[in-house]
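Working notes, beginning with the structure itself.
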Amino acid sequence: MRISDKPVAARLAALGVEIRPGIALKDLTSLAIGGTTDELLIRRYDTLPDVMKVLKDEGIPHKFLGGGTNVLIADGELPWVMLHLPPAHPGVRIEGNAAFVDAAADLGGTVTFCAKHDLGGMEGLIGVPGSIGGALRMNAGAYGTQIGSYVREVELYRAATGLNEILRGDDIRFDYRHTSFAPGDVMLRVKLELPPKPYKDIVAGIRVCNEKRRASQPLNQKSAGCIFKNPPGASAGRMIDELGLKGLRVGDAMVSDRHANFFVNSGQATCAEMLRLIDDVRARVHEKFGVELENEVIIWKN
Ligand SMILES: Cc1cc2nc3c(=O)[nH]c(=O)nc-3n(C[C@H](O)[C@H](O)[C@H](O)COP(=O)(O)OP(=O)(O)OC[C@H]3O[C@@H](n4cnc5c(N)ncnc54)[C@H](O)[C@@H]3O)c2cc1C
């Protein structure tokens, strides 16, 4: 979608929004899949309510992208614009055992920044790529750690009120790869409370997690991590593996031969190919195990 109307572009520019026309989203996603649209960089968090109002008044549909590591985006010209926060380096401020982190900050970078201030707890999250905003939305987790456990406050744009507000951690539900944020909410900053821990102990924990990840995941291939959520008490990857589906392909979309719940783009895969592969694997798992797998990857169709 293109913002071709000059007065609309001028209203957005006055709110500090940079419009980048015709961006190929395959360049912004870890799967390297995704069509083309205008990208709107929100440079000033305080203007978000006004930006959203302009988009609503003008009937401009939009999606919000973080690090692009958990999304599968449709091919071709997309019927919505992409909102994005500019990168924040490091985007973290420490006060006592609290870390105040910008949503655009890198999750792994935040874990190591906090480690250097002897604040631990998040070692398990070290290899989860993407932004803090995406991690909050997804309640990212690994090796027994989930980000939600450390959240004390979230500053966000709330779709329900059209305002930037602060939510207390206790008022947010963080479940397995699911949170109580509304679909239109935009995370802006978070306050994390972390347990004090010596740097060398945190680094030792990080090494263990990195080794586990390297041993089991196709980290040098283009993926979005796990495609399906694990059903209660079961492993989606194990079921797919038991069906012998590692290496199954639709075009360049392929079930990883290292980790059966990682689907990779082995070349120039399209969204259509990846969707067919996902549907095929889901159907086979259902037929054999009677389990309907739920997507972990967020799919944005046309
Ligand atoms: C190799 C690999 C390994 C992975 N391993 C894990 C793992 O162990 N555990 C795990 O949980 N995940 C894992 N993932 C998936 C992914 O990294 C996480 O879900 C991550 O938290 C997504 O963050 P992101 O910034 O990339 O979000 P995106 O992919 O950009 O977006 C994901 C969702 O979050 C929303 N979103 C992003 N930013 C904001 C914001 N500021 N406000 C509101 N909504 C927002 C988007 O609209 C979208 O709905 C892995 C992915 C890869 C590629």
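Indexing begins at 1, ligand by ligand and atom by atom, following the structure's order. Note: hydrogens, waters and symmetry copies are ignored here, and every other heavy atom, side chains too, is used. None of these values were measured; they are calculated from a predicted model.
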Arg249 and Ser266: side-chain donor and acceptor closer than 3.5 Å? yes

Asn139 and Gln146: side-chain donor and acceptor closer than 3.5 Å? yes

Would one find an N or O of [X], backbone or side chain, under 3.5 Å from an N or O of ligand 1?
{"X": "Leu65", "value": "no"}
{"X": "Leu85", "value": "no"}
{"X": "Gly68", "value": "yes"}
{"X": "Met187", "value": "yes"}
{"X": "Thr69", "value": "yes"}
{"X": "Ser30", "value": "no"}
{"X": "Arg177", "value": "yes"}
{"X": "Ser131", "value": "yes"}

Need the ligand 1 atom indices (1-based, order shown) with element for anything under 4.0 Å from a heavy-atom of [X].
{"X": "Met138", "value": "19 (O), 33 (C)"}
{"X": "Ala135", "value": "21 (O), 23 (O)"}
{"X": "Ala142", "value": "8 (O)"}
{"X": "Val186", "value": "42 (N), 43 (C)"}
{"X": "Ser223", "value": "1 (C), 53 (C)"}

Flag the pair [X] and [Y] as a salt bridge only when some basic side-chain nitrogen lies within less than 4.0 angstrom of an acidic carboxylate oxygen.
{"X": "Asp280", "Y": "Arg282", "result": "no"}
{"X": "Arg168", "Y": "Glu153", "result": "no"}
{"X": "Glu294", "Y": "Arg177", "result": "no"}
{"X": "Arg158", "Y": "Glu165", "result": "yes"}
{"X": "Glu95", "Y": "Arg93", "result": "yes"}
{"X": "Asp57", "Y": "Arg11", "result": "yes"}

Which heavy atom of the protein is the closest neighbour of [atom], given with residue, atom name and distance?
{"atom": "atom 31 (O) of ligand 1", "value": "Val71 CG1, 3.9 Å"}
{"atom": "atom 13 (C) of ligand 1", "value": "Val128 CG1, 3.7 Å"}
{"atom": "atom 29 (O) of ligand 1", "value": "Asn70 N, 2.8 Å"}
{"atom": "atom 48 (C) of ligand 1", "value": "Trp300 CZ2, 3.9 Å"}
{"atom": "atom 47 (O) of ligand 1", "value": "Phe64 O, 2.5 Å"}
{"atom": "atom 27 (O) of ligand 1", "value": "Gly134 CA, 3.6 Å"}

Is [X] touching ligand 1 with its side chain, its backbone, both, or neither, if touching means heavy atoms under 4.0 Å apart?
{"X": "Tyr176", "result": "neither"}
{"X": "Ala224", "result": "backbone"}
{"X": "Arg137", "result": "side chain"}

Take atom NE2 of His117 as the centre, draw a 6.0 Å sphere, and report whether it contains more than 12 heavy atoms from other residues, nucleotides or ligands. yes

For the CD atom on Gln268, are there more than 12 heavy atoms of other groups (residues, nucleotides or ligands in this structure) within a distance under 6.0 Å? no

Between Leu194 and Cys114, which heavy-atom pair has the shortest distance, and what is it? CD1-SG, 3.7 Å

Same cluster (ILVMFWY, side-chain, under 4.5 Å), Phe263 and Met239: yes

same_hphob_cluster(Leu188, Val51) at 4.5 Å side-chain heavy-atom cutoff: yes

Judged on heavy-atom distance to [atom], which of [options] sits nearest?
{"atom": "atom 5 (N) of ligand 1", "options": "Arg213, Lys63, Lys222, Glu296", "value": "Arg213"}
{"atom": "atom 7 (C) of ligand 1", "options": "Gly66, Gly141, Gly225, Pro218", "value": "Gly141"}
{"atom": "atom 20 (C) of ligand 1", "options": "Ala140, Pro129, Gly67", "value": "Pro129"}

Ring centroids only, cut at 6.0 angstrom: are Phe64 and Tyr157 within range, meaning strictly under it? no

Judged by non-hydrogen atoms, does Tyr157 sit under 4.0 Å from ligand 1? no

With a cutoff of 4.0 Å, is Asp185 in contact with ligand 1, counting heavy atoms of the residue only? yes

Given Glu39, which of Arg20, Arg2, Lys63 fulfils the salt bridge (charged side-chain N to carboxylate O under 4.0 Å, His left out) condition? Arg20

State the CZ-CG distance between Arg284 and Leu243, to the nearest 0.5 angstrom. 8.0 Å

